[in-house]
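Numbering of residues begins at 1 and proceeds along the displayed sequence. All ligand and atom numbering here is 1-based and tracks the order in the structure. Everything quoted here is computed from the prediction, not taken from an experiment.
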Amino acid sequence: MSKHLIAILPGDGIGPEVIGQATRLLELYRERRGLPLDLWHLDLGADRYLKDGTTYPKDVAERIRTEARAVLLGALGDPRVPGLEHAKDILFGMRFGLDLYANVRPVKALADRVVPLKGRTAKDVDFVVFRENTEGIYVGMGGQFKRGTPDEIAINEDLNTRKGVERLIRAGFVYAKAHGKKTVHMADKSNAMRHAHELWYRVFFEVAREYPGIEAKHVYVDALCLYLVQDPSAFEVVVTCNLFGDIVTDLAAAFQGGLGMAASANVHASDPSRVAMFEPVHGSAPPLAGKDLANPIASFLTVGMMLSHLGYAGEEQRIERACTAAIDARQCTRDVGGELGTKATASFILAEIEKSF
Ligand SMILES: NC(=O)c1ccc[n+]([C@@H]2O[C@H](COP(=O)([O-])OP(=O)(O)OC[C@H]3O[C@@H](n4cnc5c(N)ncnc54)[C@H](O)[C@@H]3O)[C@@H](O)[C@H]2O)c1
């Protein structure tokens, strides 16, 4: 069997701590289950950038594009690099360079006690957000004029293409159909963004016509934030643009117990054979870094998504069950009500997984 080449970039801040534990999980699967995983450790991130100016070398990008099946990425962001040069090159180099147009963010609570909403339990929190990942304001179009003067002007353009909007919306419907979901919500701001989001509105209902069994519901993103807090169980699949997806999924992560619990995949959804990139939703959390405090569960669930992508869907569920066991037994980090450190939490989950083989 040919090996799956997995590129691993630990990232900055808490990144190396949680990705280090996620790597133990991949090693467990390789050693104990015989999964053909070829782990390729890359020394890229803020430390490397500060050492020799390297961000995302062309030969690495090319090998990832042509040979790798997946990338595991820790968060990027370091106070020593305020301009985030390395983070932009690496993160956008992958999302844009590999055309990973769908950022898939499951919002699922693993236990009642981590859900902070009054009267709500884990069964009320189970939906997936499809965030457009290659367009919007993140393309970096714009500029500053008369910078530093009283007359300065700053512009960021919001780029939306028919192709980009349509394929992301379709990815949401394809997912809904494959998973037996009944509704897809599309969140925009078409009442204010009359050009860009009128496109989203129009394309959404056009694509929806191809999926007659699925109810297509439009919601303004500001109202979505309200409805999510009032009743998250009303949502199954949400499709939205890059910026709104970024914001809404941090809000939604709170329903799961915080950012330490939120996983994500960046995929070229119409062709699962292409390389995909997997990362916990959270950032590098500089205040937690180096203290063994970061929750590794988001990274474990992220590996679960990666294993599904590689064709081992049952393993995603196994990992989720083991993470749930850690939460239930309070064998977890402080952010989700435990007393353990990053490593001890990971060890508990790894032992649970090993027991279940
Ligand atoms: N994809 C990415 O690489 C990515 C995503 C978001 C933020 N960032 C970067 O990360 C840096 C910090 O950003 P921020 O503070 O806004 O966001 P953050 O996600 O790092 O932290 C937000 C909050 O969540 C908590 N948190 C995050 N991950 C956690 C974990 N695993 N366990 C327990 N608690 C956790 C933090 O302590 C903090 O209170 C910035 O440089 C930012 O640009 C990177």
Side-chain angles (χ1 to χ4, degrees), residues 8-22 25 42 44-50 55-56 71-96 98 100 103-105 110 114 116 129 131 133-134 137-138 140 242-243 245-266 276-303 305 323 326-327 331-346 349:
I8 301 177
L9 288 82
D12 307 326
I14 60 170
E17 294 170 66
V18 292
I19 297 301
Q21 301 310 311
L25 176 58
L42 284 157
L44 297 172
D47 283 345
R48 176 73 183 275
Y49 176 67
L50 289 167
T55 57
Y56 188 43
V71 178
L72 179 61
L73 177 66
L76 294 159
D78 186 304
R80 295 170 301 167
V81 190
L84 292 171
E85 291 84 0
H86 69 301
K88 279 183 241 162
D89 281 3
I90 296 171
L91 196 58
F92 294 158
M94 287 188 195
R95 288 180 179 173
F96 298 164
L98 300 170
L100 304 175
N103 189 326
V104 185
R105 298 186 166 193
L110 299 188
V114 299
V129 178
R131 164 188 173 189
N133 214 24
T134 52
I137 63 156
Y138 291 73
N242 207 338
L243 178 63
D246 192 357
I247 297 167
V248 160
T249 53
D250 266 31
L251 170 74
F255 310 159
Q256 301 171 264
L259 280 167
M261 302 293 290
S264 81
N266 300 261
M277 190 262 279
F278 299 82
E279 51 176 341
V281 171
H282 63 74
S284 56
L288 301 185
K291 296 179 180 156
D292 196 40
L293 289 172
N295 187 345
I297 290 180
S299 295
F300 272 45
L301 297 171
T302 296
V303 168
M305 295 183 83
C323 291
I327 297 290
Q331 296 295 305
C332 51
T333 45
R334 290 181 201 170
D335 55 309
V336 279
E339 293 288 333
L340 298 184
T342 309
K343 289 193 205 95
T345 301
I349 299 168

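- There is no side-chain donor-acceptor pair under 3.5 Å between His86 and Asp78.
- For the pair Arg95 and Asn103, the minimum side-chain heavy-atom distance is below 4.5 Å.
- Looking at heavy atoms from C-beta onward, Met94 lies in side-chain contact with Leu9 at the 4.5 angstrom threshold.
- Heavy-atom neighbours of Glu339 CD from other residues, nucleotides or ligands within 6.0 Å: at or below the threshold of 12.
- Short contacts between ligand 1 and Gly260, defined as distances under 4.0 Å to a heavy atom of the residue, involve ligand atoms 30 (C), 31 (N), 32 (N).
- No donor-acceptor contact under 3.5 angstrom links the side chains of Asp89 and Tyr49, judged on distance only.
- Contacts between Asp12 and ligand 1 below 4.0 angstrom, taking non-hydrogen atoms only, are absent altogether.
- Summary of contacts: the protein heavy atom closest to atom 23 (C) of ligand 1 is Leu259 CD1, 4.1 Å.
- Looking from atom 29 (C) of ligand 1 to the surrounding protein, the closest heavy atom is Ile14 CD1, 3.9 Å.
- Each of the atoms 1 (N) of ligand 1 lies under 4.0 Å from some heavy atom of Glu279.
- Close approach of ligand 1 to Pro286 is summarised as follows: ligand atoms under 4.0 Å from at least one heavy atom of the residue are 12 (C).
- Protein non-hydrogen atoms do not reach within 4.0 Å of atom 25 (C) of ligand 1.
- Proximity of atom 16 (O) of ligand 1 to the protein is not indicated, since no non-hydrogen protein atom lies closer than 4.0 angstrom.
- Closer than 4.0 Å to atom 13 (O) of ligand 1 lies none of the heavy atoms of the protein.
- Going from atom CG of Asp12 over to atom CZ of Arg80 covers 7.5 Å, rounded to the nearest 0.5 Å.
- Of the listed options Asp250, Thr345, Leu288, Asp335, Leu288 places a heavy atom closest to atom 35 (C) of ligand 1.
- For atom 38 (C) of ligand 1, the nearest protein heavy atom lies 4.0 Å or farther away.
- A heavy-atom distance below 4.5 Å is found between the side chains of Ile90 and Leu73.
- For Gly258, the closest heavy-atom approach to ligand 1 does not fall below 4.0 Å.
- When only interatomic distances are considered, the shortest N/O to N/O separation between Ser284 and ligand 1 falls below 3.5 Å.
- Not one N or O of Ala75 is nearer than 3.5 Å to an N or O of ligand 1, by distance alone.
- Ligand 1 has an N or O atom lying under 3.5 Å from an N or O atom of Ala285, backbone or side chain.
- Taking the side chain as every heavy atom from C-beta outward, Arg131 and Asn242 approach each other to under 4.5 Å.
- Around atom 18 (P) of ligand 1, the closest heavy atom drawn from Gly77, Ala294, Ser299, Gly283 belongs to Gly283.
- Taking CD1 of Ile137 as the reference point, atom CG of Leu243 lies at 4.5 Å (rounded to 0.5 Å).
- Looking only at heavy atoms of the protein, atom 27 (C) of ligand 1 is closest to His282 CB, 3.6 Å.
- Using a 4.0 Å threshold on non-hydrogen atoms, atom 20 (O) of ligand 1 counts as touching the protein.
- Counting heavy atoms from C-beta outward, Asn295 and His282 have side chains that stay 4.5 Å or more apart.
- Put simply, no part of Gly11 is less than 4.0 Å from ligand 1, judged by heavy atoms.
- When heavy-atom distances to ligand 1 are checked against a 4.0 Å cut-off, Pro296 has no atom that comes that close, whether in backbone or side chain.
- Using a 4.5 Å cut-off on side-chain heavy atoms (C-beta onward), Ile297 and Ile327 make contact.
- Under 4.0 Å from ligand 1, heavy atoms of Asn295 appear from its side chain as well as its backbone.
- Scanning the protein heavy atoms around atom 2 (C) of ligand 1, the nearest turns out to be Leu76 N, 3.9 Å.
- Under the 4.5 Å side-chain criterion, counting only non-hydrogen atoms from C-beta, Glu279 is in contact with Leu91.
- Between atom CG of residue Leu76 and atom OH of residue Tyr56 there is a gap of 11.0 Å, rounded to the nearest 0.5 Å.
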